[in-house]
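Everything below concerns the one structure shown next.
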Amino acid sequence: MKKAMVKINSELVYRYFILDHNMPVNEVNFYLDYKSFRSLNTGRQYAYYLCKYLNFLEKSNKNYLKATDKDFKRFLDYILWGNSNQTNVSSINGAISYNTLKEYVVVVTGFYRFLNDERSDEFLDKRHKTKMHRRIDRYQKIYCFNYGNYIDSRLRILKKKRVKIRWLDDELVETISTGFNTLRDKAIFLITVLCGARIGEVLSLHYDDFVECRRQNLRFIKPHESKGLSEGEARDLLLPENLCRIIDSYILSERAIAEQESGAYFTKELFITLRKGSYQGNKLTYNSYRKAFKQAVKRSGLDSSLFATHDGRRTKVMSLLKYQSEHGDLTDEMIRQIMGWTNPATINSYKNMKDMSYMKSILMKVSSFEK
């Protein structure tokens, strides 16, 4: 699996590729490109799962174009037990969770559905075109099989799902904030919590845009990247004044020192790499921030495996929903626009139905209508 920059529609973008003896696997890479259109991280995850599947088939002397549903079931057993023949083992502690197993199913069955799609015919190597119709029934058996029952029959050995902290209360926000070693990372964290921004949006903010906002005494700033949107289509973020002061301090201290040490005075992004080295002064990457976030959680005395960088965005949604339940002058459509969703139904996955204050407000509203 390799990451490389390619030219798509006269624009250079990163994509993940799977190679077989240093040669690209065309059908697989077209599928990965399709899945990377909205998010490169999605392409990376799909490439990882597909790579494990293809390596398993290669060890079994099987070509993925000739694989059957039985081969895929053997693969699922393989990632459960490490041996595709140990299908009768029952007293073993699984190292893979139910959700991870489902993700393997989604990725691989989606790949065969993609192969079976008549639109993919134009992408296939010429040597495979004449054989495609004979493979249609075989591919349909792979992606039409009910894997839900197959997975459920193995629940007893799957790794138990860990209950993660998906929403942060004020105390948790304050606790995690004290765990950051830099003003930069603290500012990024608070932007996700107070503005509900995605990490990709935060890291795409430009230095000149923020400086101009401060000069004009404004607090609105627009990300240059947003999920599923072209540049310039992203929503504005409203930065609270106390957060702006933290960013000001970061610019005057940490960023200024990094620029002086690296000589990289013209990085357009607001948040840059501070650590000395060849990347100092460059745009901060998601993986670097994620590592800093996990370390901050750990320093705060919390279990870092229970927290994710997306928790700040979920927390913002719940704060809007609580306000909506208590005041009623905020609609779901307004929340959708604030959060930058294209699908109004997305709000449902962000609701914390275990939040007692939120549920109490809803129940009080319902009881008032019944009187």
Side-chain angles (χ1 to χ4, degrees), residues 1-3 15-20 24-90 92-117 120 135-164 166 287 290 305 308 310 349:
M1 187 175 85
K2 298 288 184 181
K3 180 182 179 182
R15 287 291 185 265
Y16 284 92
F17 295 92
I18 290 180
L19 305 178
D20 182 15
V25 186
N26 290 343
E27 299 90 345
V28 177
N29 293 327
F30 282 126
Y31 178 60
L32 294 179
D33 177 58
Y34 168 68
K35 287 299 179 181
S36 301
F37 179 74
R38 285 184 176 271
S39 170
L40 181 61
N41 285 331
T42 300
R44 181 185 60 169
Q45 185 181 38
Y46 272 61
Y48 173 78
Y49 289 142
L50 273 179
C51 202
K52 292 201 71 170
Y53 172 65
L54 295 174
N55 285 336
F56 168 80
L57 291 179
E58 185 175 14
K59 290 178 181 178
S60 305
N61 295 319
K62 195 85 173 185
N63 186 288
Y64 68 93
L65 290 172
K66 298 181 179 179
T68 65
D69 57 322
K70 291 181 180 179
D71 293 315
F72 184 47
K73 292 173 194 174
R74 284 176 50 241
F75 169 69
L76 294 179
D77 288 334
Y78 169 75
I79 59 176
L80 275 171
W81 291 299
N83 187 331
S84 59
N85 295 321
Q86 290 180 305
T87 53
N88 295 322
V89 177
S90 58
I92 188 171
N93 294 323
I96 188 172
S97 69
Y98 178 81
N99 285 340
T100 303
L101 196 60
K102 282 178 60 179
E103 287 172 2
Y104 274 105
V105 171
V106 169
V107 172
V108 177
T109 56
F111 170 59
Y112 282 107
R113 190 182 295 273
F114 176 82
L115 282 182
N116 201 33
D117 192 325
S120 68
R135 295 183 181 131
I136 289 178
D137 290 340
R138 191 189 311 140
Y139 294 162
Q140 286 180 341
K141 286 181 180 179
I142 293 176
Y143 66 75
C144 290
F145 182 78
N146 186 356
Y147 292 98
N149 294 335
Y150 189 79
I151 294 175
D152 289 344
S153 67
R154 286 148 174 77
L155 281 177
R156 65 186 183 279
I157 56 93
L158 287 174
K159 185 178 180 181
K160 291 185 178 179
K161 183 179 179 181
R162 177 172 288 190
V163 179
K164 295 190 175 183
R166 295 169 58 85
N287 286 335
R290 182 181 180 276
S305 66
H310 205 67
S349 63

| task | With Leu54 as reference, evaluate Val28, Val108, Asp20, Asn63 under the side-chain contact (heavy atoms from CB on, under 4.5 Å) test and give the passing residue. | result | Val28
Working to the nearest 0.5 angstrom, can you tell me the gap between [X] [atom1] and [Y] [atom2]?
X: Arg15; Y: Leu32; atom1: CZ; atom2: CG; answer: 10.0 Å
X: Leu101; Y: Leu76; atom1: CG; atom2: CG; answer: 5.5 Å
X: Leu50; Y: Leu57; atom1: CG; atom2: CG; answer: 10.0 Å
X: Lys62; Y: Lys70; atom1: NZ; atom2: NZ; answer: 10.0 Å
X: Tyr143; Y: Arg113; atom1: OH; atom2: CZ; answer: 5.5 Å

| query | Do side-chain atoms of Asp33 reach the backbone of Asn29 as a donor and acceptor pair under 3.5 angstrom? | reply | no
| query | When you measure from the side chain of Asn55 to the backbone N and O of Lys52, does any donor-acceptor pair fall under 3.5 Å? | reply | no
| task | Count the heavy atoms of every other residue, nucleotide or ligand shown that sit under 6.0 Å from OH of Tyr48, and state whether that count exceeds 12. | result | no
| message | Check this for me, if you would: do Arg74 and Asp77 make a salt bridge, where the nitrogen-to-carboxylate-oxygen distance has to be below 4.0 angstrom? | response | no
| Can you say whether the rings of Phe114 and Tyr31 are parallel (under 30°), tilted (30 to 60°) or perpendicular (over 60°)? | tilted
| note | When every non-hydrogen atom of Lys141 is compared with those of Asp69, the smallest separation belongs to O-CB, 3.7 Å
| task | Identify the two heavy atoms, one from Gly43 and one from Ser36, that lie closest to each other, and give their separation to 0.1 Å. | result | CA-OG, 3.1 Å
| query | Is the centre of the Tyr112 ring less than 6.0 Å from the centre of the Phe72 ring? | reply | no
| message | Let's go through Phe111 and Tyr53 carefully: what are the C-alpha distance in whole Å and the side-chain angles of both, what is the deciding distance for ring pair (Phe, Tyr, Trp, His ring centres under 6.0 Å) to 0.1 Å, and is it a yes or a no? | response | CA-CA 11 Å; Phe111 170 59; Tyr53 172 65; 7.7 Å; no
| Side-chain H-bond candidate by donor/acceptor type, Asp71 with Thr68, under 3.5 Å | yes
